[in-house]
Amino acid sequence: MRSKFYITTAIDYVNALPHLGTAYEKVGADVMARFKRMAGYDVFFQMGVDEHSLNVAKQAKLKNMDTKHYCDAMAVRFEEVWRHLDINYDRFIRTTDNDHFASVQEMFKRIYENGDIYTGKYSGYYCVSCEKFYQEKELEDGLCPVHKRKPDWLEEKNYFFSLSKYAQPLLKYIEDNPGCIEPEIRKNEIVNVIKSGLEDVSVSRSSQTWGIPVPFDDTHVVYVWFDALINYITGAGFPADDNRFNMLWPADVHVIGKDITRFHCIIWTAMLMSAKLPLPKKVFGHGFVYLGGAKMSKSDGTALDPLSLSKIYGPDPLRYFLMREIPFDRDGDFLMEKYENRYNADLANDWGNLVQRVLSMIKKYRDGNVPLCSDNFETPLLSQWRNLHSALMETIENDYDSFRFSVVLSKIWQLIQLSNRFVEVQAPWKLYKQSKDSKELDNTLYSLLEMIRIANILIYPVMPSVSRRIQSQLNIDFPFSLDEALKWGRIQGNHKLGEIIPMFPKA
RNA sequence: GGCGGAGUAGCUCAGUAGGUUAGAGCAGUGGAAUCAUAAUCCACGUGUCCGGGGUUCGAGUCCCUGCUCCGCUACCA
């Protein structure tokens, strides 16, 4: 029986289009999902948008649009961006979807019935212009920091979730399940936050109507965070489809930004505990992408648009850069100069050129026909390649499970570099000069094809469309699977290669 | 204030339970080769491993201390 793998990303507010940092998260999750499919898992990969936010309603109002219509339009545009980046999700959930409505109400009810929701008073400084509550320390000289006006003191009846009650269970859970929050640094932070004391949180609003009504009190809507987190179980079939839910839930991993780990590792986990549902196996808080060392900001106009960025070299090189240059658990930096460097050095020179030179030699020396290889063919470099290859295959699942994309890629590139050295040492052009039907030449070219075929499979999760195109240049059609990457000698001799097209043209 | 990261070649970083001349990639210099997108391959680094103490036969690697940067968090205003 195949194992399932349920992976999610954060759902994004639709008050602005995604920037490069948002794309980074989705690419990482997509690479993971593709790898798991390659490893034989039944993958369910969900992402989507978070629409019940006051910011969203305000943005719609600003554009003079009906909120739902505005969301419809934005959801389309989000999906467009993701399609361009080859993000292959199984469901794109919207918090305005009908099944999510039912899911949130059911979840709210269960937590209420468990005695963890009570009515309380939410009070604070409220700026009418911002339509936002401020904590006292956020105010500047008692004034709203944005509008410089005196905020009103408002008190609102709210429903509260008894989060504080779960401090001990949370700590115990984190202690008993060492891998449940990664990387380690995020786990330490969460433990710290819990130890310093949890307060109950407000989970409803009566001052607004954009949202999902509290099931037993339609003068309140469910607070956006409480609503949003529930999307993960909605996608798994909660509450209508028990079979599906039992199969998919708990999620194997929630991929999220490091800034929202507390919502996931504290509030969400406690919500599930209260509703007596299983907890996600892992929450991974990735780092941020900076732009030349500075934080990207939509309001400053310094946010990079992934769509236009992907048009420079295509989506695959952008995916490659993000996964190779920035370790997923850390912050990283995007700079056009670095991007060009990676593109030229890693993609065009190392990988693209290897494919190109090998295929060209087969065309030139063997009329485009794949040669046969002797069974006992072996050289020192070839066996060095084999050693590296098997070491890589042994560690790749582990590396992936820890989101070490950049490590995996650097190992694959070591293989590629060995292949280029193999070409130099074997010098096929010399072999051809010595004897046109040199067996050594056949063996060399065939071995190189196999090296390329295998590297190409390993690269697939990161550059899926480039990998497909290279396969068609090899004129083979194997499934992209770890099994195929493990075996040597899958290419049959005596078939014609496809058309040779440079993969990474330079400007 | 507390907790936790980080400070290693021009740049980005690896450095596993402390042990021979501290590594990789990129950039730079020189050479080889010509199959290839002038792409590749080979050779070349006198680095105070942030400073200062200490433990040890021996420390980038452990302990103490100081400095700088960053994250989370508390308190005061």
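Each chain gets a letter, A, B and so on, in the order the sequences are listed, and its residues count up from 1.
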Scan nucleotides 8-10 of chain B against the protein and return all N/O pairs shorter than 3.5 Å with their distances rounded to 0.1 Å.
none

> Given atom CG of Asn341(A) and atom C1' of rG28(B), what is their separation to the nearest angstrom?
Replying inline: 13 Å
>> Could you tell me if Asn369(A) and Lys363(A) have a donor-acceptor pair between their side chains, going purely by distance under 3.5 Å?
In response: no
>> Between Asp477(A) and Arg468(A), does any NZ, NE, NH1 or NH2 come within less than 4.0 Å of an OD or OE carboxylate oxygen?
In response: no
> If you pin Lys338(A) and Arg342(A) to their nearest nucleotides in RNA chain B, which one's is more 5'?
Replying inline: Lys338(A)
> rC13(B) P sits how many Å from Asp331(A) CG, rounded?
Replying inline: 11 Å
>> Using a strict heavy-atom distance below 4.0 Å, which residues from residues 190-203 of chain A are in contact with RNA chain B?
In response: Asn192(A), Val193(A)
> Starting at CD1 of Ile500(A) and ending at C1' of rA39(B), how long is that distance when rounded to a whole Å?
Replying inline: 15 Å
Check: residues 426-437 of chain A side-chain donor-acceptor pairs under 3.5 Å, at least two apart:
residue: Gln426(A); atom: NE2; partner: Glu440(A); partner atom: OE2; Å: 3.0
residue: Gln426(A); atom: NE2; partner: Thr444(A); partner atom: OG1; Å: 2.9
residue: Ser435(A); atom: OG; partner: Ser438(A); partner atom: N; Å: 3.4

> Could Arg34(A) and Asp86(A) be called an ion pair, given the rule that one side-chain N must be under 4.0 Å from one carboxylate O?
Replying inline: yes
> For Ile266(A) and rU73(B), what is the distance between atoms CD1 and C1' respectively, to the nearest whole Å?
Replying inline: 11 Å
> Which atoms form the tightest heavy-atom contact between Asp331(A) and Phe288(A), and what is the distance?
Replying inline: OD1-N, 2.8 Å
> Between Asp305(A) and Ser308(A), does any side-chain donor sit less than 3.5 Å from a side-chain acceptor?
Replying inline: yes
>> Both Tyr365(A) and Asp350(A) contact RNA chain B. Taking the nearest nucleotide for each, which residue is further toward the 5' end?
In response: Tyr365(A)
>> For Arg342(A), is there an ion pair with Glu325(A) - N to carboxylate O distance below 4.0 angstrom?
In response: yes
> Which nucleotide in the set rU37(B), rU40(B), rG4(B) lies at the smallest distance from any side-chain heavy atom of Asn349(A)?
Replying inline: rU40(B)
> Can a salt bridge be assigned to the pair Lys282(A) and Asp401(A) using a cut-off of 4.0 Å between side-chain N and carboxylate O?
Replying inline: no
> In chain order, what residues pass the salt bridge (Lys or Arg N to Asp or Glu O under 4.0 Å) check against Arg357(A), with sequence neighbours excluded?
Replying inline: Glu424(A)
> What does rA9(B) pair with, Watson-Crick or G-U, if both distances are under 3.5 Å?
Replying inline: none
>> Please give me every residue in residues 386-423 of chain A whose heavy atoms get under 4.0 Å of an atom in RNA chain B, ordered by residue number.
In response: Gln417(A), Asn420(A), Arg421(A)
> Whole-Å distance between rU40(B) C1' and Ile452(A) CD1?
Replying inline: 14 Å
>> In this structure, how many angstroms lie between the P atom of rU34(B) and the NZ atom of Lys433(A), rounded?
In response: 5 Å
>> Using atom C1' in both nucleotides, what's the gap between rU8(B) and rG51(B) to the nearest angstrom?
In response: 15 Å
> Charged N to carboxylate O under 4.0 angstrom, Arg490(A) versus Glu450(A)?
Replying inline: no
> Tell me the salt bridge (charged side-chain N to carboxylate O under 4.0 Å, His left out) pairs involving residues 366-381 of chain A, sequence neighbours left out?
Replying inline: Arg366(A)-Asp442(A), Asp367(A)-Lys496(A), Glu378(A)-Arg386(A)
